[in-house]
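Chain letters run A, B, ... following the sequence lines, proteins first and then strands; every chain starts at 1.
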Amino acid sequence: MKKAPPAMSAGRTPPCSALAARHAGRSPALAAALLSAALAVAVWATGAMASQEIRLGMSAGFHGPTRGLAVELYRGAMAYFEHVNAEGGVGGKKVVLVAVNDDYDPLPAIENTIRLIQDDVLCLFGYLGTPTVTRVLPLLKSYRNKDVYLFFPFTGAQPQREPPYDQFVFNLRASYRAEVKALVDALVRVGRTRVAVFYQADAYGRSGWDGARMALAGHGLEIVAEATYRRGTPFTESMRAQVDELQKSGPDAVISVGAYPACAAFIRDARAAGLDVPIANVSFVGSDLLLRVLLDAGRDMGRDLTAGLINSQVAPSYEDVSLPAVRQYRRLMESYGDRLPLDLVQGEYRPFRFSQVGLEGFLNAKVLVEILRRMHNPLDRRQLRDAAESIHDLDIGIGEPVSFDPKNHQGLNRVFLTVVKNDQFVPLRDMSVFAK
Amino acid sequence: MKMSRLFRKTLVAIVIIFGLVANATALLSAWILYKDLSEEYVTKGRAIAGSIAEASVELLLNRDASTVQAMIDKFLEVEGVGYVYVVDEEGRILSHTFVPGVPDQVRQGGADTRDVSVKNVELPGVGTFIQVSAPILAGVAGHVRVGMDTDIIHAKIRSAVVQQELLMLLMLAVSVAVFSLLIKGVSRPLTELAEYARRLQAHDFSARIEVSSDDEVGLLASTMNSMADELSELVSGLERAVADSTRELQGALAHMRAIMDNMADGLLVTDATGRVTNYNPPLIHMFGLEGADITDKDTRQLFSGVMAGLPVAAMAEPSEILTAEVRLSGGRVGKAAASAIHSRPDDAKGDQPRPSGAACLGTVILVRDITSEKEVDRMKTEFISTVSHELRTPLTSVLGFAKIIRKKFLEDIEPRLEATDKKALRAAGQIGDNIGIIVSEGERLTELVNDVLDIAKMESGKIQWDLAPVTIAEVVSRSVTTARSLVEHKGLSLSVDISPGLPSFLGDHDRLIQVMLNLISNAVKFTPSGGITIKAFIEGEMIRVGVIDTGPGISQKDQEIIFEKFKQAGDTLTEKPKGTGLGLPICRQIVDRHGGRIWVESTPGQGSSFWFTLPVRGAAREAEAASGPLPASRDRLQPLPAGTGQGTILVVDDEPPVRLYLEQLLADEGFRVFSAADGPQAIDLAVTHRPDLITMDLMMPGMDGATTIRHLRANPATKDIPVVVISALPARECERAGGDASMIKPVDETALLETIVSLLRGAGKDTRPCMVLKRNGEEIKSPLLMICPGKVEHTTREDLWRRLDEGFAGTVFVPGSISHEMDLAKLSANPNIHVVIFSE
């Protein structure tokens, strides 16, 4: 786990040293004196600047199956933070995102969190993944005296939305329960009542499963079949056993709650085994990443693996340029370019210029900045809560207002269903195409 | 790699032991591991289940499946945890860790209990588990089930066992290597020692072995060295001794060989099968076997006749020495003496000593060339017969005529003398005395000649003993009868004391009578007054006979000499010798020949007792056969009826005096006599005149008596004329001559006359005939036939029975050798016949 060095924060040169550089040309002695003065100032400035930074702590799985998610999440957030900082920051203070890798694993996540807190980050931001977040929650409780809050973790799980931990966490994205419920409702509406669940064998998958169960129970139905896979299973692994497990009960729809490599493998093996029912994924799957894999695999297999795919999202499509936030996102991403957190990324990674995850990261950053602006002292943790809970019907440009209050730390509730068309995810306009 | 056998054995042992140990320890540790791990897992499971149960109360109540999941996922990392799942109070699974799916068995659920329970669960396709189930909030919130993966236990056990086995294998390899080195250290010296022993066995005592180690092997080696030295000494000592013995033996053998080769007699040694094993040159020469290799040949192949069968015969009679006359080459005669060779009973021949008697190893035969002896013998016999004939013939005349003269004188002349012619009377008396003296002297001379011839014959073994079953009672009574007149004449008493029931025995009847008569006559001669007692009783295996007189006795000095030839008791110079002095020697010869003993017991002044013993032997053999009556005794001594001397007799003798004597004798008896001087004349006269009887002399020039008889028998005109052989030749010759009876010169006139009379009587049908059984078709001649009063016929057995059935009455003579083949009981039951069994 790396700790982001302070230099991470920009790539910007301090302005004082630029001044010093101009004056240095006049006379050597003066130049030297000025240079050293400039340096001193620079150092002081940096230090002053340093205390003028608003540091946010982010622990995510930058390696492994969640790499794409982590990187895009980071990029999206960073694009906005850079924009804000470019305009003077918050209260003259720059926002710095301190990102560390936890391998999508609870124990490293816990260690990272402790370290970040010891490093006096203002708050925790943009954590990725249910298993990690779920295990960090008790830490938040234990640091309650220190007013440590987790903002906008990229997970739809229930634990951080429910007592006793919901008071330490602010969620922006809709929960899995909401996502799954939307999917179930849509499926049931078109007559697909035999719903099976394919899910990751951990808290994340469990919460999706739980959501499906509750949603189906609402319709008086039950999960007809379920299959699990181990967290970290790569795309190359065979999901045939899981496919067989589900096929035993003859489902007419599968809700898939997993990571994109396993879900892609499942889709591949399901289609190969003749399971052609609609497969619905939740947003955490990383639709763009999933799509990329499916397209490649589909080309290799000679079939269209994107057919029959319904993915739920908790943020609008990044193609929807009618939305100002989307437009702003796209513009900021263009200027951010393909920059990567190089010390975190291992091996080859081709970033997505635009992605759902990135949009989410962007939106997360936007809301957080708003919270920061509402603080008198953006460096004082104690003011975070009130500032956050003061947000009511905030319009962040997605056509959906964000609201928090002492009893509700769930910002958004909207679920968007998407399908693949022309190798791209587009909003699902008519569910009846999936009618039985 | 060539493994020593020792090593191979130990290797097997090592492998087995290691195998056992390895497997035992592996199994034990597997068992222990299994138990421990199972316990541990159960404990873990309980702990986990308990901990989850405690921690998940709130979560369950909140229905927070996701957090429950996060918690149970945590425990999945614990070693040994196979699965964890949580059910709510209604048994619906809230969270689980199954991939890819929940097993049906689990889905179906199980009984929920209030308490923590442990059970073994087998999930097909997943594995076997120890499932610990714990209630959450006493079951109100739900249950947690933790499945501890026993497959892990099994895998651990397997791995532990495998590791142990591998370790054991390694140890085994190491041990084998170490052991092989150690064993090599032992087996190599042992092999060397074995090699050394082998060389010793091959008598290479010079071999030496190095003692290189201090242990038992080294000790063995040094001991073997000393053993080799000992052996070497022993062996050389033995070799020396053997060489010495061999040399001695060879010397002795050479000596023996020299003796054998230089013997005058021929030596033949055979083995137990009759094959020749040894011989000497004289034997070869004797049998003309020069140039032949007779070793190992059977005697039956090499020799003929008696010699061939001698080994077998000798071995059949192990304690006897058999003698036989054998024919040698070149017309010579030999005498072979064969005896069987025995090994002594203690000599262990073979594996065990023969317990009963000795083993017969073969025979040794000595052959002596007795051709010259036989020649001498033959000459002796010829001499004796010639002498006897030459002596007897004149004696016959002298004595005979003397007796005739006396008789004529006493009967015809003396009574006719005038009683007044005193001179003539005196002269007649003198003449009578003189003639009496001539007669007695002539008789004495005859006696002497007989005795001398007897003793000469007996001493040269020429006497033929006619052994037959006799009883002493009969012998004594016969002798007494004969001698009674002599005894009474001297006025002595004669008493006989014979034990009853004395067994019969084999003896020569006539000779025994001779002994008795001799002793009795001696007693009479030397007893002036008193009496003579004859005793006979059984003494052990002998019959003791004694003649006791009341004479003056015999001095010790005389007792020593009286059994010697020509010695008499008393001073022969002053006293007139009585007898020939040959009587007792002759008795001794006869008694000795019977296997007995004769001696005298006497005290001067108290009489003398002459005793002799006769063994009771051989009587049994004849006794069982002789169930018939005793041989018909010579009861022919019937008084001659007077005046029946009718008949014609032809006297044949080449000596005129004899002829004259016989003529006169017979004429006196009323027979018409004519004589012939030789055979042809005799035949002529016989044919012409058909006499009623013929007396035949044997020794005649030209045609001898036997031939003459043969001619007579061959001629149908003369074949039935009875012939009495009167000859000086021994009895056997007379028998063989073929006459119906035989007499020996000088003849006893009475006997002669009786014989003639009985023969003449037998010419008729009313004299009892005799039938003699032929033996294997062979006619047997026996002097006993002489007693046959009537005609003698030789018949076969079948003829005999036929004749008996026809009513034959007479005497039947059965040869002893075939007597056992006859139904003697039936024979003797026949009332018309006497049965006589005689020996031939």
Side-chain angles (χ1 to χ4, degrees), chain A residues 105-107 130-138 155-165 175-177 196-214 217 222-223 225-231 233 238-246 248-249 257 262 266, chain B residues 51-52 54-79 81-109 123-127 136 141-142 144-147 149:
Chain A
D105 212 351
L107 281 171
T130 309
T132 45
V133 166
T134 314
R135 295 281 289 276
V136 165
L137 296 176
T155 154
Q158 288 306 115
Q160 63 267 29
R161 291 177 169 81
E162 284 175 7
Y165 301 117
S175 64
Y176 295 137
R177 228 182 242 183
V197 182
F198 170 76
Y199 62 101
Q200 185 162 289
D202 66 358
Y204 160 47
R206 181 63 56 200
S207 62
W209 171 89
D210 198 24
R213 189 166 65 100
M214 288 176 63
E222 284 186 352
I223 300 172
E226 64 173 77
T228 58
Y229 74 91
R230 296 228 178 279
R231 180 172 69 226
T233 305
S238 169
M239 288 292 165
R240 194 52 206 270
Q242 285 80 354
V243 170
D244 290 339
E245 185 75 23
L246 296 182
K248 273 196 289 202
S249 314
V257 184
F266 173 75
Chain B
S51 135
I52 293 174
E54 296 288 306
S56 58
V57 176
E58 283 290 326
L59 299 170
L60 275 166
L61 292 173
N62 289 342
R63 294 259 174 281
D64 188 351
S66 182
T67 314
V68 172
Q69 185 70 42
M71 183 182 353
I72 67 179
D73 284 347
K74 208 168 43 182
F75 287 102
L76 211 54
E77 291 154 26
V78 174
E79 192 229 288
V81 175
Y83 62 81
V84 184
Y85 69 94
V86 174
V87 296
D88 62 12
E89 74 278 8
E90 276 155 50
R92 289 178 297 198
I93 298 174
L94 208 54
S95 301
H96 67 82
T97 61
F98 290 106
V99 172
V102 181
D104 294 330
Q105 209 173 321
V106 169
R107 207 193 297 275
Q108 277 146 24
L123 300 174
V126 187
I136 305 173
V144 58
R145 303 226 165 81
V146 178
D149 193 351

Worksheet item: Roughly how far apart are Q69(B) CD and D210(A) CG, rounded to 0.5 Å?
Response: 10.0 Å
Discussion item. Quick check on E226(A) against chain B: is it the side chain, the backbone, both or neither that has a heavy atom closer than 4.5 Å?
Written reply: both
Fill in: Region of T67(B) that comes under 4.5 Å of a non-hydrogen atom in chain A
both
Response to the item:
Rounded to the nearest 0.5 Å, the CZ atom of R231(A) sits from the CG atom of D73(B) at a distance of 6.5 Å
Worksheet item: Partners of E162(A) by salt bridge (Lys or Arg N to Asp or Glu O under 4.0 Å), sequence neighbours excluded?
Response: R177(A)
Worksheet, complete the sentence: Whatever's closer than 4.5 Å to a heavy atom in chain B on Y199(A) counts as side chain
Worksheet, complete the sentence: Pair count under 4.5 Å, heavy atoms only, with chain B: among G208(A), P159(A), S207(A), A227(A), highest is P159(A)
Worksheet item: At a heavy-atom separation under 4.5 Å, does R135(A) approach chain B through its side chain, its backbone, both, or neither?
Response: side chain
Fill in: Nearest non-hydrogen partners of W209(A) and I93(B), listed with the distance
CH2-O, 3.1 Å
Worksheet item: S66(B) side chain to A203(A) main-chain N or O, any donor-acceptor pair under 3.5 Å?
Response: yes
Discussion item. Among V68(B), T97(B), L76(B), L94(B), which residue has the highest count of heavy-atom pairs closer than 4.5 Å to chain A?
Written reply: L94(B)
Discussion item. On a heavy-atom basis, which atom in G101(B) and which in T228(A) lie closest, and how many Å separate them?
Written reply: N-OG1, 4.1 Å
Worksheet, complete the sentence: Ranking T130(A), D202(A), L107(A), L137(A) by heavy-atom pairs under 4.5 Å to chain B gives rank one to D202(A)
Worksheet, complete the sentence: Per-residue tally against chain B (heavy atom, under 4.5 Å) across A201(A), A157(A), P106(A) peaks at A201(A)
Worksheet item: Who pairs with E77(B) by side-chain hydrogen bond (donor to acceptor under 3.5 Å, both in side chains), at least two apart in sequence or on another chain?
Response: none
